[in-house]
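Have a look at the structure below, then the notes.
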Protein chains: 2
Amino acid sequence: MKRVAARKPSAAAARERLASWIASRGLKATRQRDLIVDTFFTQTGHLSVDELLDKVTARDSSIGAATVYRTMKILTDAGLASARHFEGGQTRYEAALDRHHHDHLICTSCGRIFEFENERIEELQARVAEQHGFRVTHHKLELYGLCKACQERQQ
Amino acid sequence: MKRVAARKPSAAAARERLASWIASRGLKATRQRDLIVDTFFTQTGHLSVDELLDKVTARDSSIGAATVYRTMKILTDAGLASARHFEGGQTRYEAALDRHHHDHLICTSCGRIFEFENERIEELQARVAEQHGFRVTHHKLELYGLCKACQERQQ
DNA sequence: TTTCATTTTGAAATTGATTCTCAATCTCGA
DNA sequence: TCGAGATTGAGAATCAATTTCAAAATGAAA
Ligand SMILES: [Mn+2]
Ligand SMILES: [Mn+2]
Ligand SMILES: [Zn+2]
Ligand SMILES: [Zn+2]
């Protein structure tokens with residue numbers, strides 16, 4: 001039996017949650033899904049399907065892109081991943097289990113993504129919504145610009 | 001000479017600004033562009049290219065979609081329109097001349113879009129950026145949910 | 001175990017918004 | 001009026017994502 005690399009505790013929990021999600025709706029467990037989910041939770045950050053596909057096909061080159069798309073949709077529906085639609089193209093996914101809501105700073109030069117939480121901003125948003133009689137289901141706050149490193153690099 | 005419908009004062013200003021923008025970079029004035037620009041500034045709100053194309057082809061059915069895309073790009077580059085990328089596909093454009101920065105509430109049921117300005121939120125965003133040593137170029141704050149009317153309609 | 005209805009898969013086709021290409025047509029300064 | 005250069009509309013191309021479909025895999029019941 002092969003020894004398995006240590007994994008983040010949340011990864012195991014996520015796999016368990018996924019198993020019951022799958023069982024509870026008559027879906028079936030598959031080798032491909034397991035591998036994709038395992039690969040996803042082994043990574044950190046905000047992954048595009050393309051990037052994830054690369055890691056996945058490095059492990060099993062027979063897995064198709066459609067299956068990765070489909071699996072990430074399942075993870076999202078199960079609340080184990082969140083889909084983020086930043087500017088400029090592909091959807092990115094991040095692990096969602098045991099994570100607080102947070103927003104993002106995106107460097108338009110190097111593409112790095114930073115996270116922040118700001119309770120005060122959330123409150124003010126809620127107040128704005130209230131003033132409009134609006135019931136907010138979700139929101140998006142994204143700050144685009146140059147990260148510290150890129151500012152320094154550009155002198 | 002045909003009488004022209006009364007138009008918002010900003011529309012005339014925008015056309016003037018566009019004329020000098022076009023002249024200043026060796027572009028040429030065209031009938032199609034005039035008609036598209038005129039149609040755009042006659043409308044209010046956040047228009048998709050498809051919606052704009054409909055209004056445009058109602059006036060001249062020979063105008064192609066590519067020309068509408070190209071014209072909206074010019075208006076955007078000239079700072080006379082802003083492109084908004086809300087959830088769900090197409091870019092929407094709104095008039096930008098003499099408008100403050102503002103953010104949006106988007107009803108996911110009826111699609112209506114409401115605007116707000118909140119100086120306090122802007123300040124807090126600036127502070128967040130500062131804490132990360134980030135130089136923000138632009139940001140996006142969008143609140144999605146049900147507008148008042150849609151809440152009431154759904155009982 | 002075997003059966004077999006159901007789900008899943010990978011490849012390829014399709015979608016939908018947008019951009020590009022290209023030959024024909026227009027614009028505008030000389 | 002001329003002609004270099006810009007613009008046009010149609011259709012092709014692009015790109016991420018979804019759908020289709022026939023073959024393969026899964027798992028509950030027998
Ligand atoms: Mn994040
Ligand atoms: Mn607006
Ligand atoms: Zn950077
Ligand atoms: Zn509504």
Side-chain angles (χ1 to χ4, degrees), chain A residues 18-40 46-54 56-78 81-93 111, chain B residues 15 18-40 46-78 81-93 111:
Chain A
L18 182 62
S20 51
W21 174 271
I22 279 181
S24 74
R25 30 205 91 206
L27 306 184
K28 292 175 177 175
T30 71
R31 182 178 55 76
Q32 289 91 332
R33 234 121 78 165
D34 287 349
L35 194 149
I36 292 164
V37 169
D38 188 80
T39 305
F40 175 67
H46 306 78
L47 273 194
S48 70
V49 169
D50 238 36
E51 291 165 352
L52 180 55
L53 180 61
D54 278 350
V56 163
T57 51
R59 296 226 251 161
D60 178 344
S61 62
S62 74
I63 292 181
T67 302
V68 177
Y69 276 105
R70 288 187 280 232
T71 301
M72 292 318 294
K73 184 158 187 1
I74 292 174
L75 280 183
T76 303
D77 292 345
S82 0
R84 301 287 187 174
H85 307 276
F86 299 126
E87 277 184 6
Q90 332 94 290
T91 301
R92 292 182 170 276
Y93 290 92
Chain B
R15 276 197 300 277
L18 181 62
S20 51
W21 173 272
I22 279 181
S24 74
R25 29 205 93 207
L27 306 184
K28 290 173 178 176
T30 71
R31 183 179 54 76
Q32 289 91 332
R33 232 121 79 166
D34 286 349
L35 193 150
I36 293 165
V37 168
D38 189 79
T39 304
F40 175 68
H46 306 78
L47 226 43
S48 70
V49 169
D50 237 38
E51 291 165 351
L52 180 55
L53 179 62
D54 278 351
K55 313 265 182 198
V56 162
T57 50
R59 295 226 251 161
D60 178 346
S61 63
S62 75
I63 292 181
T67 302
V68 177
Y69 276 104
R70 288 187 280 232
T71 302
M72 292 317 295
K73 183 157 187 0
I74 292 175
L75 280 183
T76 303
D77 292 345
S82 1
R84 301 288 188 174
H85 306 275
F86 300 126
E87 279 184 4
Q90 332 96 289
T91 302
R92 290 181 173 277
Y93 291 91

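To find a chain, count down the sequence lines: A is the first, B the second, and so on, and within it residues start at 1.
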Nearest-Å distance, CD (Glu51(A)) to C1' (dA16(D))?
14 Å
For nucleotides 20-30 of chain D, read 5' to 3', which letter fits each nucleotide if B means a protein heavy atom sits under 4.0 Å from the base, S means only the sugar-phosphate is that close, and - means neither?
B-----BS---
Distance, rounded to the nearest Å, where Phe86(A) contributes CZ and dA16(D) contributes C1':
17 Å
Pairing residues for Thr30(B) by the side chain to side chain contact (heavy atoms under 4.5 Å, CB included) criterion, not counting sequence neighbours
Gln32(B), Arg33(B)
Quick one: Ile74(B) CD1 to dA6(D) P, roughly how many Å, whole number?
12 Å
Could you tell me how far apart Ile22(A) (CD1) and dT6(C) (C1') are, to the nearest whole angstrom?
15 Å
Qualifying residues under side chain to side chain contact (heavy atoms under 4.5 Å, CB included), relative to Val49(B), sequence neighbours excluded:
Val68(B), Tyr69(B), Tyr93(B)
Find the distance Arg92(A):CZ to dA17(D):P and express it as a whole number of Å.
10 Å
Using whole Å, what does the distance between atom C1' of nucleotide dT19(C) and atom CE of Met72(B) come to?
16 Å
Hey, is the side chain of Thr91(B) poking within less than 4.0 Å of OP1 or OP2 on dA17(C), counting only N and O atoms?
no
Verify side-chain contact (heavy atoms from CB on, under 4.5 Å) between Ile74(A) and Leu18(A), making sure each step is shown before the conclusion.
CA-CA 9 Å; Ile74(A) 292 174; Leu18(A) 182 62; 3.9 Å; yes
Please report the distance, rounded to the nearest Å, between OH in Tyr69(B) and C1' in dT7(D).
19 Å
Counting only side-chain heavy atoms from C-beta out, which of dA16(D), dT18(C), dT8(D) sits nearest to Arg33(B)?
dT8(D)
Please confirm whether the shortest side-chain N or O distance from Ser62(A) to OP1 or OP2 of dT9(C) is below 4.0 Å.
no
Would you mind writing out the side-chain donor-acceptor pairs for residues 19-29 of chain A within the sub-3.5 Å range, not counting sequence neighbours?
{"unit_1": "Ser20(A)", "atom_1": "OG", "unit_2": "Arg17(A)", "atom_2": "O", "d": "3.0"}
{"unit_1": "Ser24(A)", "atom_1": "OG", "unit_2": "Ser20(A)", "atom_2": "O", "d": "3.2"}
{"unit_1": "Ser24(A)", "atom_1": "OG", "unit_2": "Trp21(A)", "atom_2": "O", "d": "2.9"}

Pair Lys73(B)-Thr76(B), side-chain contact (heavy atoms from CB on, under 4.5 Å): steps then yes or no
CA-CA 5 Å; Lys73(B) 183 157 187 0; Thr76(B) 303; 5.6 Å; no
How close or far is atom P of dT8(D) from atom NZ of Lys73(B), stated in whole angstroms?
14 Å
Where each residue is assigned the nucleotide of DNA chain D containing its nearest heavy atom, which of Val68(B) and Arg25(B) is assigned the position nearer the 5′ end?
Arg25(B)
Listed by chain and number, what are the salt bridge (Lys or Arg N to Asp or Glu O under 4.0 Å) partners of Asp60(A), not counting sequence neighbours?
Arg31(A)
Could you work out, with side chain to side chain contact (heavy atoms under 4.5 Å, CB included) as the rule, every residue matching Arg92(A), not counting sequence neighbours?
His46(A), Ser48(A), Glu51(A), Phe86(A), Ile113(A)
